Amino acid sequence: MQTLYKNFDLFDGLKPEIQKDAWFIVDSESGKIVKLGFKDAPDCEKVVDLKGKYVMPGLINSHVHLMMNPITNKLEYLSEAEVAFTALNNLKEALKAGVTYVRDCGCAFDVDIKLRRLQEEGQLGGTEIVPSGRPMCITGGHADFTEGIDGETTWGHLVDSSDEMRHAVRRQFKLGAKNIKVMATGGVMSATDQIDDTEFSVDELKTAVAEAHTKHMTVAAHAEGTQGIHNAIIAGVDSVEHGCLISDDDIDLIKEKGIYLTPTVIASYTIPTYGEGKLPSYMVDKARGFLDKFYARMKVVNKAGVKLAFGTDAGTPFNRFADTPKELELLTKVGASNAEVLLAATKNSAHLLRIDDKYGSIQEGKIADFLVLDHDPLADVKAVQQVDKGVYKKGVKVY
């Protein structure tokens, strides 16, 4: 069966404009858009009149942690069953918020890889996953959290040499990871380090990139401190995550190399806003300590025209999957235009995740993942925060 959707204004995820009076036809078997046009819509066996509303592609969140519960904030001694249960709940919440694809950037027990396998087998629908599995970190560094009821494993692979990095990346490749996450610096949520601690050498990062790129995987670098950001860029990662204290020279370099930056502004916003008295003081103190510098750096990044990807670090404290659209608004507060943030959440993130052959834009031949909004998102990105927006996955209305 084919379904005609008509009478809507379109943000297609490719051009920074709204196209009036659009329509497209979706094939129910493939979930693809088979024909798209404007004004006079053809006849079709099933017709849905969207009554002048606005359609845009589903959001692609390129930085989440499906294993994390942002309310309980339990980070250690999680069982695999607990991780899987939390991940499934987070996927449902993400879909309702309008997120139709995510990249998990570090998941204990490789649960994200296992869930993705179920999706490929047709056993699990909803928001789709680009999995990274367990991240790479140094001993005592960001992601050296003890996991399992009996503490039998760690969240990250503990990697302390180039040879160990090579082995760990190959292990993740064997399991089915599509992205490798490396913790290039310290972070807010780890008790043992500071955000400007440098936690991998350039050689170790280059080994990760070389191994991943020869196996059709990407590399995302958690990098908050200046030197670690520089090391990640020099190593040739595909995306720098956070990038909080990026230098002027590295803004020029990341732009020259075409590396994506994923600011995850909301992750730094929620901890100091909601964490006082509820989170360990080191988390709140670290987040507050660099917040103004981070925002200032992001304004320089956006003025320079660095390629933005869209990610929220969802799962981190008080950073709910339901709040994903808030990141669009926060990005505009650090200097990005409405068009830039919408394109980051669609076309750019699809390109970074290497799924842009099927996702990230409304085009003929692409999968029909789209949102239906009451108001124009290009005029005001807060339109995407609409609670009762329509969410369609592969042409089927799911919310």
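Computed from a prediction, not measured in an experiment: that's the story for all the values here.
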J.: Under 4.5 Å between side-chain heavy atoms, counting indirect links through other Ile/Leu/Val/Met/Phe/Trp/Tyr residues: same cluster for Y101 and M217 or not?
T.: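 No, Y101 does not connect to M217 through the hydrophobic network.
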J.: Less than 3.5 Å apart, any donor N or O on the side chain of D203 or S162 sitting next to an acceptor on the other?
T.: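 Side chains of D203 and S162: no pair found under 3.5 Å.
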J.: Given I234 and K206, is the side chain to side chain contact (heavy atoms under 4.5 Å, CB included) satisfied, shown in steps?
T.: CA-CA 8 Å; I234 291 297; K206 283 184 174 180; 4.2 Å; yes
J.: Compute whether any side-chain donor of one residue and acceptor of the other, for Q227 and N231, lie under 3.5 angstrom apart.
T.: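 There is such a pair between these side chains.
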J.: How close do E224 and T185 get, heavy atom to heavy atom, and via which atoms?
T.: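 In this case the closest contact between E224 and T185 is N-OG1, 3.0 Å.
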J.: Do the side chains of D110 and R171 get close enough for a salt bridge, i.e. N-O under 4.0 angstrom?
T.: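 R171 and D110: salt-bridged.
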J.: Which of these passes side-chain hydrogen bond (donor to acceptor under 3.5 Å, both in side chains) with T262: E241, K307, E327?
T.: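 So the option named by the test is E241.
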J.: Could you check whether H63 and H242 have their ring centres less than 6.0 Å apart?
T.: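 Yes, the ring centres sit under 6.0 Å apart.
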J.: Does atom NE2 of H351 have more than 12 heavy-atom neighbours from other groups under 6.0 Å away?
T.: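 Atom NE2 in H351 is not crowded, with 12 or fewer foreign heavy atoms closer than 6.0 Å.
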J.: Got a sec, which hydrophobics cluster with V372, joining ILVMFWY side chains under 4.5 Å apart, including via others?
T.: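 In the cluster with V372 are Y5, F8, L10, F24, V26, I33, L36, F38, V48, L50, V55, I362, F370, Y392.
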J.: Return yes when atom OH of Y282 has more than 12 non-hydrogen atoms of other residues, nucleotides or ligands closer than 6.0 Å, and no otherwise.
T.: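 Yes.
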J.: Would you please test M189 and M68 for side chain to side chain contact (heavy atoms under 4.5 Å, CB included) and show each step?
T.: CA-CA 12 Å; M189 293 173 61; M68 294 181 182; 4.3 Å; yes
J.: Does NZ in K393 sit with more than 12 non-hydrogen atoms of other residues, nucleotides or ligands closer than 6.0 Å?
T.: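 More than 12 heavy atoms, drawn from other residues, nucleotides or ligands, come within 6.0 Å of this atom.
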J.: Examine M298 and Y260 and state if one hydrophobic cluster contains both, with Ile, Leu, Val, Met, Phe, Trp and Tyr joined whenever side-chain heavy atoms are less than 4.5 Å apart.
T.: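 No, M298 does not connect to Y260 through the hydrophobic network.
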J.: Within a strict 4.5 Å, meaning less than it, do heavy atoms of the I271 and F318 side chains meet?
T.: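 They are not in side-chain contact.
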J.: Considering only NZ, NE, NH1 and NH2 on the basic side and carboxylate oxygens on the acidic side, decide whether K53 and D374 come within less than 4.0 Å.
T.: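 Yes, charged N to carboxylate O under 4.0 Å.
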J.: At their closest point, which heavy atom of A208 faces which heavy atom of V182, and how far apart are they?
T.: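 Shortest heavy-atom separation between A208 and V182 comes out as CB-CG1, 4.0 Å.
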J.: Give the C-alpha distance, both sets of side-chain angles, the deciding distance and a yes or no for salt bridge (charged side-chain N to carboxylate O under 4.0 Å, His left out) between K257 and D250.
T.: CA-CA 10 Å; K257 288 180 171 288; D250 282 332; over 6 Å; no
J.: Is there a donor-acceptor pair closer than 3.5 Å between any side-chain N or O of T214 and the backbone N or O of E211?
T.: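 Yes; judged by distance alone, with no hydrogens or angles, the pair exists.
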J.: Give a yes or no on whether a salt bridge exists between R166 and D163, defined as a side-chain N under 4.0 angstrom from a carboxylate O.
T.: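 A salt bridge links R166 with D163.
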J.: Does atom NZ (K35) have a neighbourhood of more than 12 heavy atoms from anything else shown, all under 6.0 Å?
T.: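 For K35, atom NZ is not crowded (no more than 12 foreign heavy atoms under 6.0 Å).
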J.: Would you check, one step at a time, whether the test side chain to side chain contact (heavy atoms under 4.5 Å, CB included) holds for N302 with L308?
T.: CA-CA 8 Å; N302 286 314; L308 291 185; 3.2 Å; yes
J.: Are there more than 12 heavy atoms of other residues, nucleotides or ligands under 6.0 Å from atom NZ of K366?
T.: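 More than 12 heavy atoms, drawn from other residues, nucleotides or ligands, come within 6.0 Å of this atom.
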J.: Does any pair with a residue in residues 105-144 pass ring pair (Phe, Tyr, Trp, His ring centres under 6.0 Å), and if so which ones, sequence neighbours excluded?
T.: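 Only H142-H222 qualify under ring pair (Phe, Tyr, Trp, His ring centres under 6.0 Å).
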J.: Would you say that L343 contacts F11 through its side chain, given a criterion of any heavy-atom pair below 4.5 Å between the two side chains?
T.: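 They are in contact (side-chain heavy atoms under 4.5 Å apart), so the answer is yes.
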J.: Could you tell me which non-hydrogen atom of A383 sits nearest to which non-hydrogen atom of L373, and how far apart they are?
T.: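 Looking at all heavy atoms of both residues, the shortest contact is O-CD2, 3.9 Å.
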J.: Could you tell me whether the side chain of R320 reaches within less than 4.5 Å of the side chain of T270, counting heavy atoms only?
T.: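 A side-chain contact under 4.5 Å is absent here.
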J.: Assess the residue pair E128 and R116 against the criterion (salt bridge (charged side-chain N to carboxylate O under 4.0 Å, His left out)); give the C-alpha distance rounded to whole Å, side-chain angles, the decisive distance to 0.1 Å, and a yes or no.
T.: CA-CA 7 Å; E128 293 178 80; R116 176 61 193 181; 3.4 Å; yes
J.: Name the residue from H157, K181, R134 that meets the side-chain hydrogen bond (donor to acceptor under 3.5 Å, both in side chains) definition with Q172.
T.: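 Looking at H157, K181, R134, the match for Q172 under the side-chain hydrogen bond (donor to acceptor under 3.5 Å, both in side chains) is H157.
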J.: Holding to ring-ring contact (aromatic ring centres under 6.0 Å, His included), I want the full list of residues that pass it with W23, two or more places apart in sequence or in another chain.
T.: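 Here no residue qualifies.
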J.: So for atom CG, which belongs to D388, do other residues, nucleotides or ligands contribute more than 12 heavy atoms lying within a distance under 6.0 Å?
T.: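 Yes - once you tally the heavy atoms of other residues, nucleotides and ligands closer than 6.0 Å, there are more than 12.
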J.: Do you know which two heavy atoms are closest between C137 and D144, and how far apart they sit?
T.: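 Scanning both residues completely, I find the closest heavy atoms to be SG-N, 3.6 Å.
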J.: Is a salt bridge present between D248 and R297, judged by a nitrogen-to-oxygen distance below 4.0 Å?
T.: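 Salt bridge: yes.
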J.: Can a donor-acceptor pair be found, under 3.5 Å and without considering hydrogens, that links the side chain of S190 to the backbone of T192?
T.: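 Not at all, since once roles are kept as given, no pair shorter than 3.5 Å links the two residues.
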J.: Got V334 and F294 here, is their nearest side-chain heavy-atom distance under 4.5 Å?
T.: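 No, too far: nothing below the 4.5 Å cut-off.
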J.: Heavy atoms only: give me the nearest P325-A322 pair and the separation to one decimal.
T.: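 So the two residues come closest at CD-O, 3.6 Å.
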J.: Does the pair D249 and H230 meet the rule for a side chain to side chain donor-acceptor pair (under 3.5 Å), with working shown?
T.: CA-CA 9 Å; D249 286 345; H230 178 73; over 6 Å; no
J.: Please determine if K326 and E329 form a salt bridge, counting it only when a charged side-chain N lies under 4.0 Å from a carboxylate O.
T.: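 Yes, K326 and E329 are salt-bridged.
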J.: Return the minimal non-hydrogen interatomic distance between T264 and D313, and the atom names on each side.
T.: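 Answer, listing the atom of T264 first, then D313: CG2-N, 3.9 Å.
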J.: Assess, by modelled atom type and distance only, whether the side chains of D104 and S132 contain a donor and an acceptor separated by less than 3.5 Å.
T.: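 The answer is no; no qualifying pair exists.
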J.: Membership question, hydrophobic clusters at under 4.5 Å side-chain separation (ILVMFWY): are V237 and L352 in the same one?
T.: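 In one cluster with L352: V237, no.
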J.: Just do the side chain to side chain contact (heavy atoms under 4.5 Å, CB included) check on V384 and L371 with the steps written out, would you?
T.: CA-CA 9 Å; V384 190; L371 311 180; 4.2 Å; yes
J.: Between Q385 and K382, does any side-chain donor sit less than 3.5 Å from a side-chain acceptor?
T.: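 There is no such pair (donor and acceptor under 3.5 Å, judged by atom type) between the side chains of Q385 and K382.
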